[in-house]
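Read through the structure below, which is laid out as structure tokens, and then see the notes.
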2 protein chains.
Amino acid sequence: MARHGFELETFLPYRLNRAAEYVALRFAAQYKARFELTRPEWRTLAALGSSGRMMTATEIGAHSSMHKTKVSRAVFALEQRRWLKREEDGRDRRFEHLALTPAGERAYEELTELAGAYQAELVSMLGKENVEALSAGLRAVERAMRMSARR
Amino acid sequence: MARHGFELETFLPYRLNRAAEYVALRFAAQYKARFELTRPEWRTLAALGSSGRMMTATEIGAHSSMHKTKVSRAVFALEQRRWLKREEDGRDRRFEHLALTPAGERAYEELTELAGAYQAELVSMLGKENVEALSAGLRAVERAMRMSARR
DNA sequence: AATCGATAGTTACGATTGTAACTAATAGGC
DNA sequence: GCCTATTAGTTACAATCGTAACTATCGATT
């Protein structure tokens, strides 16, 4: 039917994007319904919770690939919710050291359960081999990202 | 270092999203620089160009996974640029049949060349086996999308 | 110690997006 | 032949996002 060689269906950027949207939206529906959390907020929570230590906003951005304005807004929202507290650095007052409050920790624990269950659901939906293939492919992209990051 | 099992780095929705963003942005930079095109506009152009026939806005949205408001705006923009023309349906006047103008065709040809070159660059960057693994994984996700689409 | 440049984080602003409401047109039941 | 439900497409509006500009702080150079 197509007059030309090109087909959007076979174009990797398009396929990646569509798959990512689908997979992310299904999970976002869960934590939005459960916690009224946005994606930047969930990522910030995950970064702090999984590291298990205090982090600066810049570190969070680097760890979870978020623009600093996104992190800034997410930190503000989590602080309002009393899930996160800031502590100023005595030596260098530009830094804010961020940590989860006990309430934030509890939310994080629940979220990681949701995430684990969703990942398991993905494996059973896609099949173990397919997930491994996908993961290997993503690993290659991640490698390429790191390569092009260092100029 | 992490106190908990969960790591964002191993969470598929996150990895997929980050990889998709990276791959899409690198390509978007090319067609934005060359044509001042937005992503919805490029997708609309690609849908029309590759099908080689007239399509309605709804068809374009279904074919390229875009919300109808995105399609509507992209169609308007491409029409302003004289890359696309509308033709009304005589029998059912709700439909608009869309087709590329000769200028639109020429732009599409150039864009597919860019796309082909980029896909080739991806293969050489990631390695053929990795692209095939990624593709197999994506195919599984696409299958799951189709499954959950039919209610 | 004064200045310049770099860095952490915030905010103002414009652009883009999706939801929902809207218009216009058709189909199908009665 | 109506009345209702459905569909195609557009638009108003609010939310979200990134760029760029901004404040505040620090280090280094002189």
Side-chain angles (χ1 to χ4, degrees), chain A residues 14 17-18 20-22 24-26 28-29 31-33 35-44 47-48 54-80 84-99 151, chain B residues 14 17-18 20-22 24-26 28-29 31-33 35-44 47-48 54-80 84-99 151:
Chain A
Y14 169 68
N17 213 70
R18 192 178 47 172
E21 248 173 43
Y22 173 74
L25 244 67
R26 276 170 50 99
Y31 59 69
K32 271 188 188 167
F35 290 108
E36 289 278 345
L37 217 53
T38 68
R39 184 150 47 159
E41 286 159 25
W42 145 243
R43 280 197 189 174
T44 299
L48 278 172
M54 307 196 93
M55 295 175 82
T56 68
T58 300
E59 281 178 313
I60 292 175
H63 180 271
S64 50
S65 324
M66 286 195 296
H67 193 269
K68 61 179 180 174
T69 60
K70 266 190 191 172
V71 178
S72 175
R73 285 153 182 155
V75 165
F76 178 76
L78 292 175
E79 187 187 29
Q80 293 296 93
L84 173 156
K85 56 183 184 318
R86 313 188 194 219
E87 198 167 301
E88 93 171 2
D89 188 314
R91 286 172 254 193
D92 189 336
R93 299 216 314 281
R94 288 173 302 182
F95 292 95
E96 291 178 345
H97 298 283
L98 307 170
R151 66 216 68 274
Chain B
Y14 170 68
N17 212 69
R18 192 179 44 173
E21 247 171 44
Y22 173 74
L25 243 68
R26 277 170 49 99
Y31 59 69
K32 272 189 187 165
F35 290 109
E36 290 278 345
L37 263 186
T38 68
R39 182 149 49 158
E41 286 160 24
W42 144 242
R43 280 198 189 174
T44 299
L48 278 171
M54 308 196 92
M55 294 174 83
T56 67
T58 300
E59 279 178 313
I60 292 174
H63 181 271
S64 50
S65 324
M66 285 194 297
H67 193 269
K68 61 180 180 172
T69 60
K70 264 190 193 171
V71 178
S72 175
R73 286 155 182 152
V75 165
F76 178 76
L78 293 175
E79 187 187 28
Q80 295 296 93
L84 171 155
K85 59 184 183 315
R86 312 187 196 219
E87 197 167 301
E88 95 172 0
D89 187 315
R91 285 171 255 194
D92 188 336
R93 303 214 312 280
R94 287 174 303 183
F95 292 95
E96 291 179 343
H97 298 282
L98 308 169
R151 68 220 73 266

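In what follows, chains carry the letters A, B, and so on, assigned in the order in which the sequence lines appear, proteins first and then strands, with residues in each chain numbered from 1.
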The answer to which of A/Leu98 and A/Glu21 contacts DNA chain C further toward the 5' end, by nearest nucleotide, is A/Leu98

Look at the side chain of B/Arg73 and the base of D/dG9, then say whether one donor and one acceptor between them are separated by less than 3.5 Å. no

| message | I'd like to know if A/Arg94 reaches the base of C/dT7 with its side chain, counting only an N/O donor and acceptor under 3.5 Å. | response | yes

Expressed as a whole number of angstroms, how long is the span from [X]:[atom1] to [N]:[atom2]?
| X | N | atom1 | atom2 | result |
| --- | --- | --- | --- | --- |
| A/Glu36 | D/dA15 | CD | P | 13 Å |
| A/Met54 | C/dA8 | CE | C1' | 16 Å |
| B/Lys32 | C/dT16 | NZ | C1' | 10 Å |
| A/Phe76 | D/dT16 | CZ | P | 14 Å |
| B/His97 | D/dA8 | NE2 | P | 12 Å |
| B/Asn17 | D/dC17 | CG | P | 12 Å |
| B/Asp92 | D/dG9 | CG | C1' | 12 Å |
| B/Asp89 | D/dG9 | CG | P | 10 Å |

Grab the two heavy atoms, one from [X] and one from [Y], that are nearest each other, plus how far apart they are.
| X | Y | value |
| --- | --- | --- |
| A/Arg43 | A/Ser64 | NH1-O, 3.2 Å |
| B/Ala47 | B/Met55 | O-SD, 3.6 Å |
| A/Ala57 | A/Val71 | O-CG1, 3.6 Å |

Every protein N/O lying under 3.5 Å from an N/O of nucleotides 1-4 of chain C:
none

Discussion item. Could you check whether any side-chain N or O of B/Thr44 sits under 3.5 Å from a backbone N or O of B/Pro40, counting only pairs where one atom can act as donor and the other as acceptor?
Written reply: yes

Separation between CE (B/Met54) and CD (B/Glu96), nearest 0.5 Å, reads 10.5 Å

The reported gap from NE2 in A/His97 to CZ in A/Arg86 (rounded to nearest 0.5 angstrom) is 13.0 Å

### Task
Just do the side chain to side chain contact (heavy atoms under 4.5 Å, CB included) check on B/Arg39 and A/Asn17 with the steps written out, would you?
CA-CA 12 Å; B/Arg39 182 149 49 158; A/Asn17 213 70; 3.3 Å; yes

Checklist entry - At under 4.0 Å between heavy atoms, what does B/Arg39 touch on the DNA or RNA strands: base, sugar-phosphate, or nothing? => result nothing

Discussion item. Set out, in order, the CA-CA distance, both residues' side-chain angles and the distance that settles side chain to side chain contact (heavy atoms under 4.5 Å, CB included) for B/Glu59 and B/Leu98, then state yes or no.
Written reply: CA-CA 10 Å; B/Glu59 279 178 313; B/Leu98 308 169; over 6 Å; no

Under a 4.0 Å heavy-atom cutoff, the residues of residues 56-71 of chain B touching DNA chain C are B/His67, B/Thr69, B/Lys70

Between the side chains of A/Tyr14 and B/Ser65, is a donor N or O closer than 3.5 angstrom to an acceptor N or O?
yes

Is the shortest side-chain N/O distance from B/Ser72 to OP1 or OP2 of D/dT10 below 4.0 Å? yes

Is the phosphate of C/dA27, meaning OP1 or OP2, less than 4.0 Å from a side-chain N or O of B/Arg93? no

